[in-house]
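Values below: all heavy atoms of this structure, side chains included; hydrogens, waters and symmetry mates excluded.
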Amino acid sequence: MAAMTVMTGVREREHAIEVARENLQRVANLAAANEAQSIEGARQILRDLSSVPDVLADPDDCSVLLSDILAKNTDYVNFGLIRMNGDVTCSAVSSSSVVNLADRPHFRRAVTERRFIAGNYVFGRVIGRHTINLTYPVIKRGEVVAVLFAALDLAELDKFVLDVQLSPGSVLWTTDANGTIISRRPDSAEWLGRKAPAALLAALATRPKTPVVVADADGVERLYAFARVGSHEVSDYTVMIGIPHEEIVAAATRDQLIASVGLVATVTLALLAAWFGGDILIVRRVQSLARTANRIATGSLDTRTGMPYENEEISDLARSLDEMAQALQKKELERDAAAASLQAADRRKDEFLAMLAHELRNPLAPISSGAQVLKLAHADNPSVTRTAEIIVRQVAHMTRLIDDLLDVSRVTRGLVKLNRQLLDLRTVVEDAVEQAYPLLKARRQQLQIDLPHTPVGVSADHKRMVQVVANLLNNAAKYTQEYGHVRIALARVEGGNLARLTVADDGIGMAPELVTRVFDLFTQAERTSDRSQGGLGLGLALARTLVLLHGGTVRAESPGPERGSMFTVELPYEEVLQTPAGANASAPQGARPGRLRCLVVDDNVDAAQTLALFLEAAGHEVSVAYRASEALDLAAKTTPHVCFLDIGLPDIDGNELATRLRQQPATANALLIAVTGYGRKEDQERALAAGFDQYFVKPLDTAKLVAVLGVLTPEAVP
């Protein structure tokens with residue numbers, strides 16, 4: 001209670017200050033608005049006068065007009081017209097000699113800025129009073145020909161804030177842009193034309209958004225609020241209102257003293273009540289209840305208080321404690337039953353996975369056999385042999401995946417035996433991309449691959465790591481819309497002890513609650529009909545388990561639904577020796593009529609080889625590169641007539657590669673054909689701007705490709 005009393009007092013004090021800040025700022029804004037209204041009135045008068053023809057006519061007629069206006073506006077001490085040379089030729093107050101105001105800043109600003117200007121404090125040369133001059137340019141045919149001014153008596157400025165009620169000891173100031181006082185309550189006459197106190201000007205210079213405490217020249221600390229008088233177009237004046245700080249917290253201090261007295265009285269009464277209640281009526285019974293609660297907490301759920309239920313508070317507590325123990329005992333039985341049910345469900349899940357894996361193996365057998373027969377029957381045909389090898393490799397990998405599906409329970413429990421060896425993660429990424437490419441291609445998605453030029457070594461099982469990366473890529477493809485973007489990047493973490501692989505997409509994203517359980521078995525995001533890609537929700541769970549078995553970590557991140565997702569894998573880094581890559585391409589043969597030298601560049605091995613087989617079958621000479629850097633070297637050696645470039649390459653994208661090929665003499669005039677999974681108009685325009693001649697969307701339209709190549713000859717394409 002003592003702590004609460006102190007805290008309450010502190011909070012009441014802070015609340016009082018906060019309320020005072022809000023009210024003070026509101027009052028300052030009100031005062032500034034009132035003064036701005038008076039200045040706005042002057043601007044309206046001057047703007048109306050600027051359109052009156054008599055103002056620029058005979059000076060005597062003009063003076064009569066301004067005298068009449070002055071008589072109707074008693075807040076002002078003069079109205080006048082300043083010619084461009086600074087002479088006042090027309091004035092509501094007559095002068096014995098010509099007055100020149102060319103040196104007045106408000107006159108020069110009105111001419112230069114061609115707008116209404118509320119000038120700083122001046123002492124009138126003609127009227128001999130404290131004023132501010134409000135000026136407005138007279139513009140004829142687009143040129144400033146004169147400036148109208150209105151001199152506002154500062155003694156009258158205070159009346160615009162008379163409705164602002166200030167408490168005793170409070171001060172209201174109004175200063176111009178130079179910090180000169182043009183209004184003050186109280187004692188306005190003593191302060192007009194003087195600089196505001198230095199402490200106040202220092203606080204004003206910071207442009208505080210909320211009121212601040214300032215020590216005034218009279219030694220009183222006041223809470224000051226600052227408010228600009230109108231917008232920048234109206235004036236550069238500032239209203240400052242200060243209230244004594246002690247006055248703000250006086251009520252809170254008084255309430256805190258009363259609360260302290262009440263606290264002492266309450267504690268005294270409480271001690272008397274405790275003494276009067278006695279040991280038997282309260283203490284012993286409470287101790288019995290405490291012992292019962294401790295036994296229940298240790299697991300003895302059959303324990304009961306044994307106390308009779310009477311019509312008083314401790315009996316109600318005893319009844320509640322007995323009912324709680326009974327409810328917990330019932331929940332314990334229900335939990336045991338639920339655990340048995342979960343174990344049975346887990347067994348049924350394993351049986352289902354075994355049956356599913358068995359059924360999936362059936363169609364794979366004839367596929368694998370057929371590929372082997374095809375390979376043996378056409379051993380002398382390199383194209384058929386390479387095609388058969390692709391089928392065999394993919395069937396073998398699918399068989400491995402089915403084995404993993406059959407043994408998913410063992411994998412998720414960390415019982416898998418790893419065949420570790422020193423690997424370059426770049427080869428893992430390339431193999432995983434090869435597996436995931438059909439799904440990305442089917443959904444017309446663009447895959448961006450960022451791989452370093454140097455090896456990224458890890459001690460890992462190659463097959464399992466390919467499975468991890470492929471699962472992440474397949475997951476990204478499933479939950480990304482058609483023509484979406486998927487990016488895979490590999491790098492060595494700064495510091496050198498970790499290798500980091502990230503797979504990011506711009507797909508449907510994840511809600512925060514899904515991010516926390518996305519790696520659980522059978523967890524899937526909700527998918528609409530256009531995202532029905534199947535799957536059992538095993539991929540990410542297997543990926544996490546395999547990464548953990550390798551001593552690494554994997555995490556998921558997403559800014560939210562429809563904002564994409566990113567999965568990050570980190571593994572212990574191992575140094576691996578870099579083997580120089582040599583070009584195995586044979587020297588190009590001499591061109592013959594109708595035979596073109598072609599360069600195929602695609603980081604997907606099977607896609608590149610399949611296109612190469614098609615071109616070779618058509619009678620052309622083909623070179624293949626899997627990276628942009630390799631393509632540039634190969635192009636300089638072979639001087640191709642036609643270049644087929646994938647857009648999503650691991651080192652630089654196809655658009656940049658096309659630009660560089662155009663800059664090389666060997667390929668400056670070659671036919672550049674883009675081969676990509678994107679078919680949007682903006683993607684095509686970007687490719688053509690980079691230097692491509694043709695744009696093909698995967699899968700290739702072979703008829704169109706044959707037509708394009710059919711009109712070319714080696715002589716037609718240098």
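Inter-residue side-chain proximity for F79 and I45 is flagged as met; some heavy-atom pair is nearer than 4.5 Å. Between D75 and D153, every side-chain heavy-atom pair lies at or beyond the 4.5 Å cut-off. Put simply, the side chain of V518 reaches to within 4.5 Å of the side chain of M510, judged on heavy atoms. Counting heavy atoms from C-beta on, the side chains of T135 and F107 never come closer than 4.5 Å. Side chains of E557 and T568 form a contact here, defined as non-hydrogen atoms less than 4.5 Å apart. Residues V554 and F519 are in side-chain contact: their nearest non-hydrogen atoms beyond the backbone lie under 4.5 Å apart. A heavy-atom distance below 4.5 Å is not found between the side chains of S50 and I139. Between W191 and W173, some side-chain heavy-atom pair lies under the 4.5 Å cut-off.
In the model, Y224 has a side-chain atom that pairs as donor or acceptor with a side-chain atom of D216 under 3.5 Å. Residues D87 and N85 bring a donor and an acceptor atom of their side chains to less than 3.5 Å of each other. Neither side chain, R26 nor N29, offers a donor N or O lying under 3.5 Å from an acceptor on the other. Side-chain contact annotation: R47 with Q44, donor-acceptor N/O pair under 3.5 Å present. There is a side-chain donor-acceptor pair under 3.5 Å between N78 and S91.
The minimum heavy-atom distance between H453 and D651, with the atom names listed, is CE1-CB, 4.1 Å. Summarising the geometry of C90 relative to L66, their closest heavy-atom pair is SG-CD1, 3.3 Å, with the distance given to 0.1 Å. Residues A42 and L134 share a closest heavy-atom pair of CB-CD1, 3.1 Å. Taking both residues in full, the closest heavy atoms of S565 and G509 are given as OG-CA, 3.4 Å, listed atom of the first, atom of the second, then distance. Pairing each heavy atom of A477 with each of Q445, the nearest pair is O-NE2, 3.0 Å. In terms of heavy-atom proximity, I241 sits nearest to A28 at CD1-CA, 3.6 Å.
Here the side chain of T480 pairs a donor or acceptor atom with the backbone of A476 at under 3.5 angstrom. No donor-acceptor pair under 3.5 Å is formed between the side chain of T174 and the backbone N or O of V239. A donor-acceptor pair is defined here as one N or O able to donate and one able to accept, closer than 3.5 Å; such a pair exists between the side chain of R184 and the backbone of P186. When atom types are taken as modelled, the side chain of D653 and the backbone of E656 share a donor-acceptor pair closer than 3.5 angstrom. Counting only distance, with no hydrogens or angles, the side chain of T659 and the backbone of N655 share a donor-acceptor pair below 3.5 Å. The backbone N or O of G119 lies less than 3.5 Å from a partner atom in the side chain of Y237, making a donor-acceptor pair. Looking only at distances, a side-chain donor or acceptor of D506 sits under 3.5 Å from a matching main-chain atom of H485. Between the side chain of R194 and the backbone N or O of E190 there is at least one donor-acceptor pair closer than 3.5 Å. With hydrogens and angles ignored, the 3.5 Å screen pairs no side-chain donor or acceptor of K140 with any backbone N or O of A146. Judged by distance alone, with hydrogens and angles left aside, the side-chain atoms of T131 form a donor-acceptor pair with the main-chain N or O of V122 at under 3.5 Å.
The pair R487-D450 counts as a salt bridge, with a side-chain nitrogen and a carboxylate oxygen less than 4.0 angstrom apart. The pair E113-R115 meets the salt-bridge criterion, since a charged nitrogen lies less than 4.0 angstrom from a carboxylate oxygen. Under the 4.0 Å criterion applied to side-chain N and carboxylate O atoms, R517 and E513 are not assigned as salt-bridge partners. With salt bridges taken as basic N to acidic carboxylate O contacts below 4.0 Å, one links E570 and R500. Under the 4.0 Å criterion applied to side-chain N and carboxylate O atoms, K478 and D505 are not assigned as salt-bridge partners. Between R108 and D103, no side-chain nitrogen of the basic residue sits less than 4.0 Å from a carboxylate oxygen of the acidic one, so the salt-bridge criterion is not met.
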- Query: side chain to side chain contact (heavy atoms under 4.5 Å, CB included) between M84 and V144: does it pass, once the steps are laid out?
  - Reply: CA-CA 8 Å; M84 297 304 293; V144 178; 4.0 Å; yes
- Please assess R21 against L223 for the test side chain to side chain contact (heavy atoms under 4.5 Å, CB included), listing each intermediate value before the final yes or no. CA-CA 8 Å; R21 289 179 189 272; L223 184 66; 3.8 Å; yes
- Decide yes or no on salt bridge (charged side-chain N to carboxylate O under 4.0 Å, His left out) for D48 and R43, but give the supporting numbers first. CA-CA 9 Å; D48 294 343; R43 181 166 71 167; over 6 Å; no
- Item | Chi angles and distances behind the side chain to side chain contact (heavy atoms under 4.5 Å, CB included) call for L56, V145 | CA-CA 9 Å; L56 296 176; V145 297; 3.9 Å; yes
- Item | Verdict with reasoning, R444 to E482, per salt bridge (charged side-chain N to carboxylate O under 4.0 Å, His left out) | CA-CA 6 Å; R444 300 178 178 86; E482 286 195 357; 3.7 Å; yes
- Query: Stepwise, does the side chain to side chain contact (heavy atoms under 4.5 Å, CB included) test hold for L204 with F226?
  - Reply: CA-CA 7 Å; L204 175 60; F226 303 85; 3.7 Å; yes
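Between F123 and H130, the angle of the ring planes goes over 60°, which puts this pair in the perpendicular group of the 30/60° scheme.
With rounding to the nearest 0.5 angstrom, the OG1 atom of T238 is 7.0 Å from the CZ atom of R228. Taking CG of D683 as the start and OH of Y483 as the end, the distance is 10.0 Å to the nearest 0.5 Å. Taking OH from Y76 and CG from L70, the interatomic distance works out to 10.5 Å, rounded to the nearest 0.5 Å. To the nearest 0.5 Å, the span separating CG on N23 from CG on L30 amounts to 12.0 Å.
Residues Y695 and F692 place their aromatic rings such that the two centres sit no closer than 6.0 Å.
Only one option out of L501, T502, I488, N475 pairs with F567 in a side chain to side chain contact (heavy atoms under 4.5 Å, CB included); it is N475.
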